[in-house]
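All residue numbers refer to positions in the sequence shown, counting from 1.
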Amino acid sequence: MNNNSNCNLLPSYKEELKRGRQVNVIYDDIIIPKSLTHFPYKKTFYIETLGCQANYRDEEIISGLLTKAGFMRLDDYQKAQILIINTCAVRENAEQKVKGHLGTFKALKQKNKNLIICLCGCMVMQEESVREIQNKYPYVSIIFGTHNVTNILNILDNYLTSLQMIIDVPSFSENIVEKLPDYRNNNFQAFVNITYGCNNFCTYCVVPFTRGQERSRLEKDILRECQFLVNNGYKEITLLGQNVNSYGGDLNDGSNFAHLLEAVAKLKIPRLRFLTSYPSMFNDDLIDVIAKYDNIVKYIHLPVQAGSNKILKEMNRHYTREFYLDLVKRLRKKIPNIHLSTDIIVGFPNETYEEFLETLSLVKEVNFSSAFTFIYSPRKHTYASTIEDNVTYEEKVRRFKMLKETLEANIIAYTDKMIGKIYPVLVEGFSERDKTMLSGHTEDNVLVHFQGDETLIGQIVNVKINVSHVYSLIGELING
């Protein structure tokens with residue numbers, strides 16, 4: 001293989017910053033390039049995804065397109081002809097994991113010079129990351145971005161024609177592609193994109209760069225996809241967007257998230273979820289819809305990030321501590337059985353100990369049922385990464401441990417109250433740690449393990465909770 005790179009399209013932060021571009025909706029049928037129809041090697045692929053639910057939905061799209069072209073997905077990367085890593089850029093440890101995988105793949109490439117190694121996802125939306133891959137990992141075959149996952153077949157075709165590294169990372173998307181292959185990682189849970197991209201520009205976050213400007217799908221296309229899932233027996237749909245509350249704002253036709261959520265709920269999917277909500281856009285109309293429909297789960301992920309108004313302002317979060325607490329109060333007044341989870345960042349640049357204590361006090365007041373917590377990780381090109389930080393990493397770790405202990409006290413009290421009660425659980429498969437046990441989640445997203453046979457996978461069953469292990473529960477199947 002010739003290691004000279006075909007640098008036809010590198011990402012550009014200047015281009016990614018631009019907003020307001022016209023977006024086209026594409027309904028064209030998928031055309032399989034001849035080079036893939038007559039692929040000269042075993043038509044097999046392996047894909048590993050890091051990061052958020054949006055990345056996992058991208059994985060399904062890539063897998064669906066390759067399957068439509070006649071390729072078979074394998075779980076063993078050592079046996080596949082095409083290796084794909086779908087990357088994340090939110091935290092540095094995700095990027096380090098990618099580099100570890102590439103080191104492993106190098107040995108396979110040395111044994112099989114025709115092996116095709118692909119990188120996609122958020123990490124490669126950063127020009128410096130692409131340059132590093134070019135220089136340190138020249139055996140990578142293809143690099144493509146978040147905006148053209150739907151073009152994977154043509155990108156592969158270009159590679160087979162040139163046999164040179166293909167770099168195809170557009171900095172923005174002009175298209176929303178519909179009529180994609182109906183491929184899902186399982187046949188009972190589904191992610192459904194309603195928006196792409198983000199316009200919020202929180203000062204610590206790379207998503208507005210890696211995912212581009214905010215773009216909404218048309219409601220009719222979302223409902224068509226959801227109706228297909230309902231008709232095919234799916235038990236749970238999660239509507240996805242970096243900020244679902246802003247749905248429809250770019251369409252200029254009166255579309256909004258509360259109306260869309262109600263329309264999907266009326267399709268009678270047993271469980272309806274959504275991710276992720278932005279606090280300042282969570283209005284009373286949306287609260288009313290959630291309260292009205294039993295199949296909209298009473299569990300909401302509502303990232304707060306910090307409990308200090310000063311830190312919230314420096315993060316460019318468009319709400320105050322007081323607004324967030326009032327929203328929680330309104331939610332619980334209208335929906336008494338609501339459960340809340342959140343995201344919290346510890347150690348934002350120059351966060352004082354007193355400001356950190358404000359986050360702890362908010363955690364105690366809200367009493368979250370679960371939380372994703374992170375030590376601040378600077379991301380290149382974000383505003384926060386330019387701030388000189390006077391807080392040591394050791395101090396950040398100490399505060400992180402304090403936050404975790406406070407959250408665990410809340411979660412222990414919450415899960416202990418579940419003992420002895422019966423909950424509907426969507427069975428998702430066998431436990432990763434104990435293959436004799438089934439695993440699934442309650443409506444409020446608590447992980448439950450229990451004894452049962454594989455015929456229950458994909459079903460909603462009643463489970464009595466017997467033991468709490470804080471982050472997971474042990475129960476027993478209740479028949480009838």
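If you check the side chains of Tyr376 and Asp389, you find no donor sitting under 3.5 Å from an acceptor. Side-chain contact check for Asn175 and Ser173: no donor-acceptor pair (N or O, by modelled atom type) lies under 3.5 Å. Side-chain contact check for Thr195 and Glu214: no donor-acceptor pair (N or O, by modelled atom type) lies under 3.5 Å. Side-chain contact, Ser385 with Arg379: no donor N or O sits under 3.5 Å from an acceptor N or O. Using modelled atom types and a 3.5 Å distance limit, the side chains of His318 and Ser280 yield no donor-acceptor pair. Side-chain contact of Asp157 with Asn154: a donor-acceptor pair under 3.5 Å is absent, judged by distance alone.
The backbone N or O of Gln81 sits less than 3.5 Å from a side-chain atom of Thr44, completing a donor-acceptor pair. Distance alone, capped at 3.5 Å, is enough to place a donor-acceptor pair between the Tyr247 side chain and the Arg217 backbone. Side-chain atoms of Asn135 come within 3.5 Å of backbone atoms of Arg131 as a donor-acceptor pair (strictly under, hydrogens ignored). A donor-acceptor pair is defined here as one N or O able to donate and one able to accept, closer than 3.5 Å; no such pair exists between the side chain of Asp168 and the backbone of Ile155. Remark: side-chain polar atoms of Tyr324 are paired, donor with acceptor, to backbone N or O of Leu302 under 3.5 angstrom.
For Tyr137 and Phe105, the ring centers are positioned 6.0 Å apart or more.
Within a 6.0 Å radius of CZ in Phe372, other residues, nucleotides and ligands contribute 12 heavy atoms or fewer. Counted within 6.0 Å of NZ on Lys34, heavy atoms from surrounding residues, nucleotides or ligands total 12 or fewer; the atom is thus considered open. Other residues, nucleotides and ligands contribute over 12 non-hydrogen atoms within 6.0 Å of the NE2 atom of His101. In this structure, Lys220 places its NZ atom where more than 12 heavy-atom neighbours from other residues, nucleotides or ligands lie under 6.0 Å away.
Taking 4.0 Å as the cut-off between side-chain N and carboxylate O, Lys68 and Asp29 do not count as a salt-bridged pair. Salt bridge status for Arg215 with Asp250: absent, with no side-chain N to carboxylate O gap under 4.0 Å.
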Inset, instruction - Would you sort out whether Ser63 and Arg73 count as a side chain to side chain donor-acceptor pair (under 3.5 Å), showing the intermediate values? - result: CA-CA 7 Å; Ser63 296; Arg73 180 170 179 170; 3.2 Å; yes
Legend entry - Worked verdict on Thr49 versus Asn55 for side chain to side chain donor-acceptor pair (under 3.5 Å): CA-CA 7 Å; Thr49 293; Asn55 275 21; over 6 Å; no
Inset, instruction - Would you please test Phe39 and Phe71 for ring pair (Phe, Tyr, Trp, His ring centres under 6.0 Å) and show each step? - result: CA-CA 9 Å; Phe39 193 68; Phe71 288 80; 4.9 Å; yes
Legend entry - Step-by-step ring pair (Phe, Tyr, Trp, His ring centres under 6.0 Å) determination, His301 to Phe274: CA-CA 8 Å; His301 188 63; Phe274 54 89; over 10 Å; no
Inset, instruction - Please step through ring pair (Phe, Tyr, Trp, His ring centres under 6.0 Å) for the pair Tyr77 and Tyr46, ending with a clear verdict. - result: CA-CA 5 Å; Tyr77 67 87; Tyr46 167 88; 5.8 Å; yes
Would you tabulate the side-chain donor-acceptor contacts of residues 234-245 under 3.5 Å, counting partners in other chains and residues two or more places apart, or write 'none'?
from   : atom 1 : to     : atom 2 : distance (Å)
Tyr234 : OH     : Asn186 : O      : 3.1
Lys235 : NZ     : Gly233 : O      : 3.3
Glu236 : OE1    : Arg273 : NE     : 3.1
Glu236 : OE2    : Gln189 : NE2    : 3.2
Asn243 : OD1    : Asn245 : N      : 3.4
Asn245 : OD1    : Tyr278 : N      : 2.8

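With Tyr204 as the fixed residue, the side chain to side chain contact (heavy atoms under 4.5 Å, CB included) test singles out one of Ile387, Thr382, Ile345: Ile345. Here the rule is side chain to side chain contact (heavy atoms under 4.5 Å, CB included) with Val297, and of Glu443, His441, His339 only Glu443 fits it.
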